[in-house]
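To start, the structure under review is shown below, and the notes come after it.
Both backbone and side-chain heavy atoms feed into the values below; hydrogens, waters and symmetry mates do not.
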Amino acid sequence: MERSHEIFILLWLVNITVGFLYTEDADLAKQLFQTWKLENGKEYNGVNEEQKRFDVFYNNIKTINKYNKMYQPETTFALNKFADMSPSEFHSKILMSDRKPPTFENDRYIKGEKGFYLPDSFDWVPKNVVTSVKNQGAAGSCWAFSTIENIEGQWALSGQPLVNLSVEQVVDCDGFEDVTRKNADCGVFGGWPYLAYQYVMKTGGLESSRDYGYCSGDTDTKHQENNCLPCPPPGFNSTLCGPAVPYCNMSQSCVAKLDKTKFVKGLKIADWKAIDKNETIIAEQLMKIGPLSIAMNADWLMFYRSGISSPYFCNPKSINHAVLLVGFGKEKTLFGEELYWKVKNSWGPSWGEKGYFRIKRNAGTCGINTQVTTALLVK
């Protein structure tokens, strides 16, 4: 029995390494599910829940195989920590609700400059202005990670030491709203980087993650009393955000945890800017300004493993995830050279290309060019 299990695992590894096609035999898939559970520390409440999760897992195997047949060799997909989630669960637990990218006043946008030299590739990651990949967990807090990571880059580029700033402060405390555009920052239910910049401006600064650590995405389905469960941020707009959580822990919320005496000294935001939608201009400004906050449609990212993504169906006007643009480049493929963006995600370093992904550039793919913003720090 042990020997057959070893052979099965070996065959499975050959499949995902060489062909990225998983077995669709139900019995072998059940063995694979058990292995996946051990690797991901999964436990379920009873036989019925386990069977339900296996059914989802099995359907996801078929979906991943279909994607790999469609997109290889440019992009590969694989089972990961989301493998027991249905697409609808993934959307509700990990992504934000779909929304249209807002447009701003003309003077809010940074335009390009004539004659700017654009190299074949550029990457901020090795330049010590990008912090390590984080994991948002089961919370729609990507917007806060994208905001904070942009500010971290701006702080480092101003000559200060690279420091992990507090994402949780923004999730817990930012209730800013833009009633005209019908947008609001809604804690674990999503938000907008451009509003988060305004929160930091008004509040006067940020704590470090060491002083105000992240906990919103930490969920224990079997021991929910251990979850952090922060209350909605002050000013929470239930009309724009939807109903607040039915139960929250006040001791884990902004009013109890925020300590302005611990704000990182000297770190203040003066203003924020948006970047023109032209992707050549975005690449120019990425090089000039630093890592940029972006928002996009991320439905297709659920099982991304590697390569340059260019999904056939990805609505650019339906934004549901915020990330950090860190670089660009080009790669030779079977169909010629492919331009791509390099993007930092917030789903942990085990996801994708060590927590990053690449996506086709100069095509408006998934709306990646529609909501590019940056904070401007006080000098």
Output the distance between atom [atom1] ([X]) and atom [atom2] ([Y]), rounded to the nearest 0.5 Å.
{"X": "Lys360", "Y": "Leu339", "atom1": "NZ", "atom2": "CG", "result": "9.0 Å"}
{"X": "Leu325", "Y": "Ile368", "atom1": "CG", "atom2": "CD1", "result": "6.0 Å"}
{"X": "Cys231", "Y": "Phe236", "atom1": "SG", "atom2": "CZ", "result": "11.0 Å"}
{"X": "Thr203", "Y": "Lys268", "atom1": "OG1", "atom2": "NZ", "result": "10.0 Å"}
{"X": "Lys182", "Y": "Thr180", "atom1": "NZ", "atom2": "OG1", "result": "10.5 Å"}
{"X": "Glu49", "Y": "Glu43", "atom1": "CD", "atom2": "CD", "result": "12.5 Å"}

**Item:** Derivation and outcome, side chain to side chain contact (heavy atoms under 4.5 Å, CB included), residues Lys100 and Ile319
**Value:** CA-CA 6 Å; Lys100 294 180 179 179; Ile319 301 300; over 6 Å; no

For atom [atom1] of [X], is the number of surrounding heavy atoms from other residues, nucleotides or ligands below 6.0 Å larger than 12?
{"X": "Met250", "atom1": "CE", "answer": "no"}
{"X": "Tyr312", "atom1": "OH", "answer": "yes"}
{"X": "Lys111", "atom1": "NZ", "answer": "yes"}

**Fill in**
Nearest heavy-atom contact between Pro87 and Asn60 is CD-OD1, 4.4 Å

**Request:** Specify the closest pair of heavy atoms between Pro291 and Leu157, including all atoms of both residues, with the distance to one decimal.
**Result:** CD-CD1, 4.3 Å

**Fill in**
Only one of Tyr199, Tyr214, Tyr212 passes side-chain hydrogen bond (donor to acceptor under 3.5 Å, both in side chains) with Gln169, and that residue is Tyr199

May I ask you to decide if [Y]'s main-chain N or O and [X]'s side chain share a donor-acceptor pair within less than 3.5 Å?
{"X": "Asp123", "Y": "Phe328", "value": "no"}
{"X": "Lys42", "Y": "Gln34", "value": "no"}
{"X": "Ser146", "Y": "Ala322", "value": "no"}
{"X": "Asp84", "Y": "Arg53", "value": "no"}
{"X": "Ser253", "Y": "Val255", "value": "no"}
{"X": "Ser92", "Y": "Glu89", "value": "yes"}
{"X": "Ser141", "Y": "Ala144", "value": "no"}
{"X": "Asn320", "Y": "Met96", "value": "no"}
{"X": "Asp185", "Y": "Ala196", "value": "yes"}
{"X": "Glu353", "Y": "Arg305", "value": "no"}

Answer yes if [X] and [Y] sit in the same cluster of Ile, Leu, Val, Met, Phe, Trp and Tyr residues linked by side chain heavy atoms under 4.5 Å apart, and no otherwise.
{"X": "Ile148", "Y": "Ile94", "value": "no"}
{"X": "Phe145", "Y": "Phe90", "value": "no"}
{"X": "Leu292", "Y": "Trp192", "value": "no"}
{"X": "Leu118", "Y": "Phe122", "value": "yes"}
{"X": "Ile359", "Y": "Leu324", "value": "yes"}

Pair [X], [Y]: side-chain N/O donor-acceptor within cut-off below 3.5 Å:
{"X": "Tyr22", "Y": "Asn68", "value": "no"}
{"X": "Asp259", "Y": "Thr261", "value": "yes"}
{"X": "Thr76", "Y": "Ser306", "value": "yes"}
{"X": "Gln136", "Y": "Ser346", "value": "yes"}
{"X": "Asn150", "Y": "Thr374", "value": "yes"}
{"X": "Glu74", "Y": "Ser310", "value": "no"}

Any carboxylate oxygen within less than 4.0 angstrom of a Lys/Arg side-chain nitrogen, looking at [X] and [Y]?
{"X": "Glu39", "Y": "Lys81", "answer": "no"}
{"X": "Glu338", "Y": "Lys330", "answer": "no"}
{"X": "Asp178", "Y": "Arg181", "answer": "yes"}
{"X": "Lys62", "Y": "Glu24", "answer": "no"}
{"X": "Glu331", "Y": "Arg358", "answer": "yes"}
{"X": "Lys37", "Y": "Glu50", "answer": "yes"}
{"X": "Asp271", "Y": "Arg108", "answer": "yes"}

Less than 4.5 Å apart, side chain to side chain, heavy atoms only: is that true for [X] and [Y]?
{"X": "Pro311", "Y": "Cys366", "result": "yes"}
{"X": "Gln154", "Y": "Ile269", "result": "no"}
{"X": "Val264", "Y": "Asp211", "result": "no"}
{"X": "Val47", "Y": "Lys52", "result": "no"}
{"X": "Val133", "Y": "Asn345", "result": "no"}
{"X": "Lys69", "Y": "Leu21", "result": "yes"}
{"X": "Lys342", "Y": "Phe357", "result": "no"}
{"X": "Ser216", "Y": "Pro230", "result": "yes"}

Would you confirm whether the ring centroid of [Y] sits within less than 6.0 angstrom of the ring centroid of [X]?
{"X": "Tyr58", "Y": "Phe33", "answer": "no"}
{"X": "Trp300", "Y": "Tyr71", "answer": "no"}
{"X": "Phe303", "Y": "Phe77", "answer": "no"}
{"X": "His321", "Y": "Trp347", "answer": "yes"}
{"X": "Tyr304", "Y": "Trp351", "answer": "yes"}

**Item:** Derivation and outcome, side chain to side chain contact (heavy atoms under 4.5 Å, CB included), residues Asn278 and Ile282
**Value:** CA-CA 6 Å; Asn278 181 294; Ile282 293 172; over 6 Å; no

**Message:** Under the criterion side-chain hydrogen bond (donor to acceptor under 3.5 Å, both in side chains), I'd like the reasoning laid out for Lys317 against Asn297: C-alpha separation, chi angles, the key distance, then a yes or no.
**Reply:** CA-CA 8 Å; Lys317 296 181 180 180; Asn297 183 322; over 6 Å; no

**Candidate pair Gln31 and Asp27, rule side-chain hydrogen bond (donor to acceptor under 3.5 Å, both in side chains), full reasoning** = CA-CA 7 Å; Gln31 294 182 51; Asp27 290 334; over 6 Å; no

**Asked** Between Phe104 and Gln371, is a side chain to side chain contact (heavy atoms under 4.5 Å, CB included) present by the stated rule, with each step listed?
**Response** CA-CA 10 Å; Phe104 308 113; Gln371 197 62 196; 3.1 Å; yes

